Structures are given as structure tokens and as C-alpha cells.
Amino acid sequence: MDYIHDSDGSSSSSHQSLKSTAKWAASLENLLEDPEGVKRFREFLKKEFSEENVLFWLACEDFKKMQDKKQMQEKAKEIYMTFLSSKASSQVNVEGQSRLNEKILEEPHPLMFQKLQDQIFNLMKYDSYSRFLKSDLFLKHKRTEEEEEDSSDAQTAAKRASRVYNT
């Protein structure tokens, strides 16, 4: 799934910024894998007052990668206090969060938030993500990308030509 590289293996920046909006529009997964996409999506969710959804999702992703038990306990508590507790500052709206309690947090395991994370993913996917793709924020980024592409097409052709003769 890596089509950033040119045929000679070098990665050109014009190709990298190219069409990220197309990838974002293809799936929410693609969007969430791209730091720039996450940034734009967060901006959008902030306007919709639902930024906590993507923040929770990202926190769960980090949590799943943790190995160290102590770190996992701290991160699990942090996720719980930030997003799931009834006193949470950025509470997400998921079913089953009431079953999560302090005791579970003492024995964390990488997938302990998976069901809740999936709920939030689906909530974003079927709700805010489709609105994001219609938003000015997304469309403006897409236009900018297309303008950059038009201006870089000429450069890219020149670059390719010079590469052919410099072998």
C-alpha cells in the first residue's frame, strides 16, 4: 500500500502531498493513518464539539502498542479519567463504559478498550467522517492539493527527463 515512492525508490515530496485527500476520502482508516489527515479531522471535530472521539481513538491506538505493565496502568487510568469516567473532562459517549472500573485498570491488557474504541470508530465513520468529507475544511485542502498538482506536473516531467539522462 505504499505508492509514495517513484520507480527508482526515491520519494519525491510532490508525490507525497499529492492526493492525500483522495486517500482520506477512500476510508476513515486511511485518514487516521495520515498525521496530516488526523490534524485536519481534529480541526473539523473541534468545530463540531466532538474532538474527544478522535482523541480517544488515538489514545487507544497508543495504548495497544504498549508493552510495559506500569506504563499500561498509567495510560489506562489516563484514558479512563480523560474519556470514560463520569467526571471525565472529554467524555466520549459509548455503551459499556460503566462496566469499566478502577479494578480493571489495575490489570490492564492491550485490548481492554477495543470494544469502546470500535464503537467510537463507527460513530466517527457513520457520523462525523461523512460530514468532514463535505466540509469546507476538507474541500479547501483538496483544492489546494489540486492546484499544487497542476503546478508541479511540469516540474515532475522535467525531473523525470533529467533522471532519464543522468543514469
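The structure displayed is predicted, hence computed values, not measured ones.
Remark: K115 NZ is loosely packed, at most 12 non-hydrogen atoms of other residues, nucleotides or ligands lying under 6.0 Å away. Heavy atoms from other residues, nucleotides or ligands lying under 6.0 Å from NZ of K142 number 12 at most.
Criterion: ILVMFWY side-chain heavy atoms under 4.5 Å apart, direct or through other members. Under it, L111 and L84 are not part of a common hydrophobic cluster. Both F56 and M81 sit in one connected hydrophobic cluster of ILVMFWY residues. Membership requires side-chain heavy atoms under 4.5 Å apart, directly or through other members.
Contact between L133 and L139 at its shortest, heavy atoms only, is O-CD2, 3.9 Å. Closest approach of A26 and N30 over heavy atoms only: CB-ND2, 3.7 Å. Annotation for Q91 and S85: closest pair NE2-O, 3.5 Å, computed over non-hydrogen atoms. Minimum interatomic distance between F41 and Y129 (heavy atoms only, all atoms of both residues): CE1-CA, 3.9 Å. The minimum heavy-atom distance linking E52 with F83 is given by the pair O-CE2, 3.7 Å.
In this structure, K23 and E29 have side chains that are not in contact, with every pair of non-hydrogen atoms separated by 4.5 Å or more. When side chains are defined from C-beta on, M66 does not count as touching P110, because their heavy atoms never get closer than 4.5 Å. Side-chain atoms of M124 and F132, non-hydrogen and from C-beta on, never get closer than 4.5 Å to each other. At a threshold of 4.5 Å between non-hydrogen side-chain atoms, the residues S90 and E51 do not count as touching. Proximity of K64 to F113: side-chain heavy atoms (C-beta onward) are nowhere separated by under 4.5 Å.
E74 pairs in a side chain to side chain contact (heavy atoms under 4.5 Å, CB included) with only one of the listed residues (K77, K70, E78), which is K70.
In this structure, the side chain of E149 does not engage the main chain of K19 through any donor-acceptor pair within 3.5 Å. At distances below 3.5 Å, not a single donor-acceptor pair connects side-chain atoms of E48 with backbone N or O atoms of S128. Not one N or O on the side chain of T82 forms a donor-acceptor pair closer than 3.5 Å with the backbone of I79.
Annotation: the span from L32 atom CG to W24 atom CH2 amounts to 11.5 Å, rounded to 0.5 Å. Rounding to the nearest 0.5 Å places CG of N53 at 11.5 Å from CD of Q117.
K39 has a carboxylate O that lies under 4.0 Å from a charged side-chain N of E36, or vice versa, which qualifies the two as a salt bridge.
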